[in-house]
Amino acid sequence: MIKTRVSNNRLMKRIWQHKLFYLFMLPGIVWFFLFSYVPLYGIQVAFRDYNFVGGFTGSPWAGLKYFQQFFNYYQSGDIIRNTIIISLMKLLIGFPMPIILALLLNEVRMIKFKKTVQTLSYLPYFVSWIVVVTLMQRLLTPYGGPVNDLLGSFGAESIQFLNNPTWFYQMIVGSDIWKNIGWNSIIFMAAIAGIDQQLYEAAKMDGAGRFRQMWHVSLPGIRNVAIILFILAVGSLMSAGYEQLLLLNGPATANLGSVLDVHAINSGIREGRLSYAAAVGLFQSVIALILVVTVNRIARKVSDVSLF
């Protein structure tokens with residue numbers, strides 16, 4: 001009892017000593033509490049026959065009824081499979097791209113060119129998916145689109161890129177990389193900037209060229225950051241992105257592009273089945289939590305780097 005009281009006093013004393021730093025944390029804590037923890041109260045909707053008259057607390061309990069409905073749905077297996085395939089492709093192909101961009105930009109010595117490339121690569125992140133898909137339609141259409149015109153100038157036949165099962169995954173992964181590569185590379189650029197320059201000087205004295213410096217100094221320098229971001233990225237494996245799939249998925253690709261996010265949105269917003277949509281969303285969150293904890297544990301054993 002006395003030890004606990006002494007420990008609490010020491011903790012309060014340390015917090016008071018570093019009060020300015022804790023003050024900086026306050027807005028973040030308030031934001032997380034309001035927008036990440038308070039909404040958790042709504043999870044109970046997945047276990048109730050929700051109606052607007054009864055609200056959260058007045059609607060009758062339904063147990064696991066809506067989870068059973070989802071798993072008994074004849075397309076639930078296809079929806080889960082599509083979500084995992086698209087998310088895995090984005091993770092395995094898209095995750096290394098910002099690292100490669102950051103490493104290449106770090107080797108550029110022309111400052112103006114480097115800043116221009118950085119700015120151009122950041123811009124797509126601020127463009128909405130509606131604009132991105134509209135641009136893709138204009139560029140890739142076989143009816144006067146510049147890409148097909150260029151293919152035609154080389155004697156190739158026009159290609160229907162969009163709403164085509166053959167090109168569906170390439171369009172999904174390619175557009176996702178184009179939109180996010182610049183923004184995601186910022187953290188890796190910051191990590192590279194924090195590497196001790198003496199390591200590069202030592203590598204030069206040992207006769208290392210630019211590529212060997214990148215391989216033996218830059219890559220190990222951002223290794224911990226990359227592992228942390230990879231663990232976080234694995235958490236979104238059950239979330240393929242509803243905006244992109246909602247806009248790029250068409251009748252011809254419906255069997256490939258039906259994912260959990262779109263299914264939940266359609267069920268909750270279009271059909272008004274809020275409890276069912278909440279059950280689907282909760283299923284995604286539970287799987288994401290299991291994945292993050294599992295990968296975090298593996299990363300801690302393999303590399304001594306982990307989130308917690």
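The first residue in the sequence is number 1, and the count goes up from there. Computation of the quantities below employed the complete heavy-atom set of this structure, encompassing side-chain atoms and omitting hydrogens, waters and symmetry-equivalent molecules.
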K.L.:
Whether the side chain of Arg138 engages the backbone of Val133 through a donor-acceptor N/O pair (distance < 3.5 Å, no angle test) should be reported.
P.N.:
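No: the side chain of Arg138 does not pair with the backbone of Val133.
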
K.L.:
Has Asn72 got a side-chain atom pairing as donor or acceptor with Gln68's backbone, closer than 3.5 angstrom?
P.N.:
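Yes: the side chain of Asn72 pairs with the backbone of Gln68.
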
K.L.:
Under the 4.5 Å side-chain heavy-atom rule for ILVMFWY, direct or indirect, which residues accompany Tyr125?
P.N.:
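Answer for Tyr125: Tyr122, Phe126, Trp183, Ile186.
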
K.L.:
Among all residues two or more places apart in sequence or in another chain, which pass the side-chain contact (heavy atoms from CB on, under 4.5 Å) test with Leu123?
P.N.:
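Partners of Leu123 under the side-chain contact (heavy atoms from CB on, under 4.5 Å) test: Leu120.
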
K.L.:
Quick one: which of Val147, Leu162, Thr141, Val131 gives a side chain to side chain contact (heavy atoms under 4.5 Å, CB included) with Met136?
P.N.:
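For Met136, the side chain to side chain contact (heavy atoms under 4.5 Å, CB included) test succeeds with only one of Val147, Leu162, Thr141, Val131, which is Leu162.
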
K.L.:
Think Lys13 forms a cation-pi with Trp16, using NZ or CZ under 6.0 Å from the six-ring centre and within 45 degrees of its axis?
P.N.:
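Geometry flag: not set, cation outside 6.0 Å or 45°.
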
K.L.:
With no hydrogens and no angle check, is any side-chain donor or acceptor of Arg48 less than 3.5 Å from a backbone partner on Ser59?
P.N.:
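The answer is yes, because a donor-acceptor pair under 3.5 Å joins these two groups.
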
K.L.:
Can you tell me how the ring of Phe35 sits relative to the ring of Trp31, calling it parallel under 30°, perpendicular over 60° and tilted otherwise?
P.N.:
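Correct class here is tilted.
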
K.L.:
Within the distance-only criterion (no hydrogens, no angle test), does the side chain of Ser239 pair as donor or acceptor with the backbone N or O of Ser236 below 3.5 angstrom?
P.N.:
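Side chain of Ser239 to backbone of Ser236: no pair is present.
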
K.L.:
Drop me the distance from Tyr169's OH to Ile172's CD1, to the nearest 0.5 angstrom.
P.N.:
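So the OH of Tyr169 and the CD1 of Ile172 are separated by 9.5 Å.
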
K.L.:
Does Leu307 offer a backbone N or O that forms a donor-acceptor pair with the side chain of Asn296 under 3.5 Å?
P.N.:
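Yes; at least one donor-acceptor contact below 3.5 Å.
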
K.L.:
So, taking the atom named CE in Met171 and the one named CG in Asn164, what distance separates them when rounded to the nearest 0.5 Å?
P.N.:
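One finds 9.0 Å between CE of Met171 and CG of Asn164.
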
K.L.:
Would you say that Asn163 contacts Thr253 through its side chain, given a criterion of any heavy-atom pair below 4.5 Å between the two side chains?
P.N.:
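In short, these two side chains touch, coming nearer than 4.5 Å.
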
K.L.:
Donor-acceptor pairs under 3.5 angstrom involving side-chain atoms of residues 85-101: please list them, not counting sequence neighbours.
P.N.:
from	atom 1	to	atom 2	distance (Å)
Ser87	OG	Thr83	O	2.8
Ser87	OG	Leu237	O	2.8
Lys90	NZ	Ala240	O	2.6
Lys90	NZ	Gln244	OE1	2.7

K.L.:
Would you please classify the geometry between the Phe70 ring and the His263 ring as parallel, tilted or perpendicular, with 30° and 60° separating the classes?
P.N.:
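Because their plane-to-plane angle lies in the 30° to 60° range, the rings of His263 and Phe70 count as tilted.
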
K.L.:
Parallel, tilted or perpendicular: which one describes the rings of Tyr276 and Tyr66, with boundaries at 30° and 60°?
P.N.:
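Tyr276 vs Tyr66 ring planes: perpendicular.
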
K.L.:
Hey, quick one: are Leu282 and Tyr242 part of the same hydrophobic cluster, counting side-chain heavy atoms closer than 4.5 Å, chains of contacts allowed?
P.N.:
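No, Leu282 and Tyr242 fall in different hydrophobic clusters.
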
